[in-house]
Amino acid sequence: MEKYESTLNNSLVFAVNGKKFDVSTIHPSTTLLEFLRSHTPFKGAKLSCGEGGCGACVVLLSKYNPVLDQVDDFTVSSCLTLLCSINGCSVTTTEGLGNTKDGFHPIHERFSGFHASLCGFCTPGMCMSLFSTLVNAEKTPRPTPPPGFSKLEVSEAERAIAGNLCRCTGYRPIADVCKSFAADIDMEDFGFNSFWRKGDSKEVKINSLPIYNHSNEICTFPEFLKNEARSALLLDSRRYSWYSPVSIEEHQRLLGSVEDGNGSRL
């Protein structure tokens, strides 16, 4: 296993939709959701249950592994994720997928075309859950899918939004959105939508879907963050501190400092 030297960073460094944030003073109890909605223009993630059970606050978190030299992408409930825990990570919200200025992502367009969003409160979280499933499906060694589709399978698509609750739209159109990206979908399974008319051929239906091309997908982890993965984090204030060791040796030194009675708190 490759060994690497870590450095000490006295500020929290991360990215949101490719934009770098450098935070030197923050209360350790601040959640990622609170920071997103209070300190950034990216307010798609919502606070609903506050317990990680509804999916309204879901965002994509991307973390670089310097040993394996790979980026791991996974969803998190931003209402439960402490901001200090994402040092060196990249966050992608629904605005990072697409917006009115840069154009919408096929996920957004298909949610609209399949009438899968009514009030829209929970839709951003569902978009990110589906996007995470697509990103990780593309990492599998499956055969290249037909144009417009992904490596996602129908069974995976149906589970993509298993952690997201919707109280007004109904799950049939939402499931249709997810399954529309699966290469093994039967086009006759879809319900009412605005992409094609009843009786249209399979070819017409496929060509009517908003184009999805994985090669044009956004970058979930900017290059400038890779060095941050090697940095231990120490945020200190009068009452509270946050320390994130990146090695067993650093963790042992931290425990040793507590045993020496220097006033540190764990």
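Count residues from 1 along the sequence.
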Would the distance check show the side chain of [X] and the main-chain N or O of [Y] forming a donor-acceptor pair, the cut-off being under 3.5 Å?
X: Asp176; Y: Phe190; value: no
X: Asn193; Y: Gly191; value: yes
X: Ser78; Y: Leu32; value: no
X: Arg110; Y: Pro210; value: yes
X: Glu138; Y: Val135; value: no
X: Thr133; Y: Ser129; value: yes
X: Thr30; Y: Ile26; value: no
X: Ser132; Y: Met128; value: no
X: Asp184; Y: Val154; value: yes
X: Tyr171; Y: Cys166; value: yes

Less than 4.5 Å apart, any side-chain heavy atom of Val91 and any of Asn17?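 SC-SC contact between Val91 and Asn17 ruled out.
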Side chain to side chain, Lys63 and Phe221, heavy atoms closer than 4.5 Å: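 With C-beta onward as the side chain, the pair stays apart.
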Which atom pairs, one a donor and one an acceptor, fall under 3.5 Å between side chains of residues 195-205 and the rest of the protein, sequence neighbours left out?
{"unit_1": "Asp200", "atom_1": "OD2", "unit_2": "Arg197", "atom_2": "N", "d": "2.8"}
{"unit_1": "Ser201", "atom_1": "OG", "unit_2": "Val204", "atom_2": "N", "d": "3.3"}
{"unit_1": "Lys205", "atom_1": "NZ", "unit_2": "Glu188", "atom_2": "OE2", "d": "3.3"}

Separation of [Y] [atom2] from [X] [atom1] (nearest 0.5 Å):
X: Ser208; Y: Met187; atom1: OG; atom2: CE; value: 8.0 Å
X: Leu60; Y: Leu97; atom1: CG; atom2: CG; value: 8.5 Å
X: Ile107; Y: Phe131; atom1: CD1; atom2: CZ; value: 6.5 Å
X: Leu118; Y: Thr123; atom1: CG; atom2: OG1; value: 9.0 Å
X: Ile185; Y: Ile206; atom1: CD1; atom2: CD1; value: 10.5 Å

Does [X] belong to the same Ile/Leu/Val/Met/Phe/Trp/Tyr cluster as [Y], with side-chain heavy atoms less than 4.5 Å apart forming each link?
X: Leu80; Y: Phe74; result: no
X: Val71; Y: Val13; result: yes
X: Leu61; Y: Ile161; result: no
X: Leu165; Y: Leu33; result: no

Taking the inter-plane angle between the rings of Tyr212 and Phe181 on a 0 to 90° scale, is it parallel (under 30°), tilted (30 to 60°) or perpendicular (over 60°)? perpendicular
If the plane angle is over 60° it's perpendicular, under 30° parallel, otherwise tilted; pick one for Phe35 and Phe21. perpendicular
Start with the C-alpha distance between Ser24 and Ser11, add both sets of side-chain angles, then the distance that settles side-chain hydrogen bond (donor to acceptor under 3.5 Å, both in side chains), and finish with yes or no. CA-CA 4 Å; Ser24 58; Ser11 63; over 6 Å; no
ring-ring contact (aromatic ring centres under 6.0 Å, His included) partners for His214, two or more places apart: none
Which residue pairs pass the side-chain hydrogen bond (donor to acceptor under 3.5 Å, both in side chains) test when at least one of the two sits in residues 35-61, sequence neighbours left out? none
Go through Phe114 and Ile174 one step at a time and tell me if the side-chain contact (heavy atoms from CB on, under 4.5 Å) criterion holds. CA-CA 8 Å; Phe114 278 104; Ile174 297 171; over 6 Å; no
Closest approach of [X] to [Y] (non-hydrogen atoms, all atoms of both residues):
X: Leu152; Y: Ala157; value: CD2-CB, 3.7 Å
X: Pro146; Y: Ala183; value: CD-CB, 3.9 Å
X: Val59; Y: Ala45; value: CG1-CB, 4.1 Å

Show your working on side-chain hydrogen bond (donor to acceptor under 3.5 Å, both in side chains) between Thr94 and His108 and close with a plain yes or no. CA-CA 9 Å; Thr94 186; His108 296 145; 2.9 Å; yes
side-chain hydrogen bond (donor to acceptor under 3.5 Å, both in side chains) between Asp72 and Ser62, intermediate numbers included: CA-CA 6 Å; Asp72 297 320; Ser62 302; over 6 Å; no
Could you tell me whether Asp73 and Lys139 make a salt bridge, using a distance below 4.0 angstrom between a side-chain N and a carboxylate O?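 A salt bridge links Asp73 with Lys139.
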Verdict with supporting geometry, Glu156 and Arg142, salt bridge (Lys or Arg N to Asp or Glu O under 4.0 Å): CA-CA 14 Å; Glu156 294 174 320; Arg142 297 170 184 167; 2.7 Å; yes
